[in-house]
2 protein chains.
Amino acid sequence: MSQSVDRALSILPLLAEGPADLGRVADRLGVHKSTALRLLRTLHEHGLVYRQPDQRYRLGARLFALAQEAVENLDVREIAHPHLVRLNEECGHTVHLAVYEEDEVLYIDKVESRYPVRMYSRIGRPVAITVAAVAKLLLADLPEDRRRALAERLDYPMYTARSTPDAATFLEELARVREQGWATDLGGHEESINCVGAPIRGADGRVVAAMSLSAPNVVVTADELLALLPLVRRTADAIGREYSGTTPADTPHD
Amino acid sequence: MSQSVDRALSILPLLAEGPADLGRVADRLGVHKSTALRLLRTLHEHGLVYRQPDQRYRLGARLFALAQEAVENLDVREIAHPHLVRLNEECGHTVHLAVYEEDEVLYIDKVESRYPVRMYSRIGRPVAITVAAVAKLLLADLPEDRRRALAERLDYPMYTARSTPDAATFLEELARVREQGWATDLGGHEESINCVGAPIRGADGRVVAAMSLSAPNVVVTADELLALLPLVRRTADAIGREYSGTTPADTPHD
DNA sequence: GATGCCGTTGCGTGTATCGCAATGGGCGTT
DNA sequence: AACGCCCATTGCGATACACGCAACGGCATC
């Protein structure tokens, strides 16, 4: 909608791939070098890009600070965190917290497993949306039409043989999840890893976040993990209650 | 330099304070609402801002992803991480890794203490630059003129009675740190917390990052912490060697 | 010492962006 | 239930602003 802003913002994902010099940025944007320079300078002034000693541009520091502040403003996260830690202490497995936003599901908190095996996931990274338990929980709560539309729009990468293969299967799965109020991912993302998850509901009953427990099957079998489901649901409900209690509709401070 | 981009980027820190509606954004920017709307829309398309159900704007998801990718591109971090974990396992205290960038020092990695006492610090957050051990190490390596100029420009908040009070004292401290090759923060940021840090040097001898060990004096005294200095320096040197070895000048993959 | 490359600058032109004023929709009020 | 208010949204015309060009300068290479 706004040309120069649009171009400037397009530079960010480009630099996310790695440092680039002025010429490269200008080429990728399809603009004159002087134009790219002006945009980069503006980004620089705001701290979003950084100029390396070798003159190439990188993503800058303020980006971290902004992302940090953004995540701190998510009040679900703040409320949920101690609950997640407690759950981790009780069962030892990796705990994830995720939210839905604009066709994406992303982890906003994580408590590492105490077992040496570490999972591949990162706070802030988009989730494998077609297979992750938390993704199913969050999407299952969308209104029917948006759910269907989104399902059609998605890709269905076969991470493993158990990954969700297509939109139809995915929608069936979402219906089941919606019905039963919990979700699993049994080796759909990584062959040897299972997850169970439960939704966190706000005062109006809408799902505001989702949490899950993940463990490799060398540590516990899928059945053993499923046995922890009541514990996960209790935790999720506790978070939901606290969230509804303290924030009836709006943030108290401000 | 570029008006519309400048305005658009000014929205981000504004939203970092908390969600805001269109009118508020327009007011704060000092522009007409229609202008603010166009800027917000562009930011929205790039995923940097998100529209809440209540129509107010928040910082968006892509911001996390960008910050994430940015930090992953910092190859010091990747190399250092296992070393930091090992150090933490050996002594149990909190380990920090920080870099200098554009008049700021920021933490880029952290391994939590195994003791229940948790420090207040966050990855991505700017460091208390006038007192932190890692800050002293990084600034001590700047060329004399820039060091002096920066010292003059800084504020010197008295977090505690032991905080660095002014530029002159700070410059003396930096000279000492530069000389001895390590740094401390003895209760300068929080009364009861001490740190020891060591520089991580690249192939050319320049300081590329700094690391530190932090512990509250209810756990170990300052002297006991100082006794760990050789261990910290060995770790820092090991990281420096590995960094210099694998990346002579550039990233191998790309 | 000469040549090429890349970042940088000043400037005129054209267009993308700005603010205005009017429309529309959602919500609380009387 | 109807009214009125507030806020987001749209179309439009004027102009400030961002664009690309071309020339400069510093740096490294041959």
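Below, each value reflects all heavy atoms present in this structure, side chains not excepted, and no hydrogens, waters or symmetry copies. In the text below, chain A, chain B and the rest are named by the order of the sequence lines, each starting its count at 1.
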Asks: In whole Å, what is the span from the CG atom of A:D6 to the C1' atom of C:dA16?
Replies: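 Interatomic distance, CG of A:D6 to C1' of C:dA16: 12 Å.
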Asks: Taking only Lys NZ, Arg NE, NH1 and NH2, and the carboxylate oxygens of Asp or Glu, determine whether B:R28 and B:E17 approach each other closer than 4.0 Å.
Replies: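 So B:R28 pairs with B:E17 through a salt bridge.
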Asks: A:H32 has an atom NE2; how far is it from atom P of C:dC6, in whole Å?
Replies: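 Those two atoms, NE2 and P, are 14 Å apart.
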Asks: Which nucleotide, C:dT17, D:dA8, D:dC19, lies nearest any side-chain atom of A:L39?
Replies: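 Nearest nucleotide to the side chain: D:dC19.
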Asks: How many whole angstroms separate atom CG of A:D54 from atom C1' of C:dG7?
Replies: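 Taking atom C1' of C:dG7 as the reference, CG of A:D54 is at 13 Å.
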Asks: Is B:R148 salt-bridged to B:E144, cutoff N-O under 4.0 Å?
Replies: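 Salt bridge between B:R148 and B:E144, a charged N being under 4.0 Å from a carboxylate O: yes.
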Asks: Between B:T35 and C:dG19, does any side-chain N or O lie under 4.0 Å from OP1 or OP2?
Replies: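 Checking B:T35 against C:dG19: at least one side-chain N or O falls below 4.0 Å of OP1 or OP2.
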Asks: Does A:R38 have a side-chain nitrogen or oxygen under 4.0 Å from the phosphate oxygens OP1 or OP2 of C:dG7?
Replies: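 Looking at the OP1 and OP2 atoms of C:dG7, neither is under 4.0 Å from any side-chain N or O of A:R38.
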Asks: Below 4.0 angstrom from OP1 or OP2 of D:dG20, is there any side-chain N or O of A:S34?
Replies: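 No, because none of the side-chain N or O atoms of A:S34 sits under 4.0 Å from OP1 or OP2 of D:dG20.
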Asks: Looking only at side-chain atoms of A:S4, point me to the closest of C:dG19, C:dC18, D:dA18.
Replies: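 Of all the options, the side chain of A:S4 is nearest to D:dA18.
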Asks: Considering only C:dG19, D:dT9, D:dA18, which nucleotide approaches the side chain of B:Q3 most closely?
Replies: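 Minimum distance to the B:Q3 side chain belongs to D:dA18.
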Asks: If the test is side-chain contact (heavy atoms from CB on, under 4.5 Å), which one of B:D6, B:I11, B:V5 qualifies with B:L9?
Replies: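 When B:D6, B:I11, B:V5 are each tested with B:L9, the side-chain contact (heavy atoms from CB on, under 4.5 Å) holds only for B:V5.
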Asks: Can B:R176 and B:E173 be counted as an ion pair, charged N to O under 4.0 angstrom?
Replies: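 Yes, this pair counts.
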Asks: For DNA chain C, whose closest nucleotide is more 5', that of B:V31 or that of A:G23?
Replies: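 It is A:G23 whose nearest nucleotide is closer to the 5' end.
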Asks: So for atom CD, which belongs to B:Q180, do other residues, nucleotides or ligands contribute more than 12 heavy atoms lying within a distance under 6.0 Å?
Replies: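 More than 12 heavy atoms, drawn from other residues, nucleotides or ligands, come within 6.0 Å of this atom.
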Asks: Report yes if at least one side-chain N or O of B:R7 is closer than 4.0 Å to OP1 or OP2 of C:dT17; otherwise report no.
Replies: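 For B:R7, the contact criterion (side-chain N or O under 4.0 Å from OP1 or OP2 of C:dT17) is not met.
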Asks: What is the distance from CZ of B:R51 to P of D:dC7, rounded to the nearest Å?
Replies: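 For the pair B:R51 CZ and D:dC7 P, the rounded distance is 14 Å.
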Asks: Between atom CG in A:L40 and atom P in D:dC19, what is the gap in whole Å?
Replies: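 So the two atoms are 12 Å apart, to the nearest Å.
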Asks: Roughly, in whole Å, what's the span from NE2 in B:H44 to P in D:dA8?
Replies: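 The distance from NE2 of B:H44 to P of D:dA8 comes to 15 Å, rounded to the nearest Å.
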Asks: Nearest to the A:K33 side chain among D:dG20, C:dG7, C:dT9, which nucleotide is it?
Replies: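 Selected nucleotide (nearest to the side chain): C:dG7.
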Asks: Distance check needed: D:dA18 P versus A:R41 CZ, whole Å only.
Replies: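 Atom CZ in A:R41 sits about 14 Å away from atom P in D:dA18.
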Asks: How long is the line joining CG of A:L37 and P of D:dG25, in whole Å?
Replies: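 Value for this atom pair: 17 Å.
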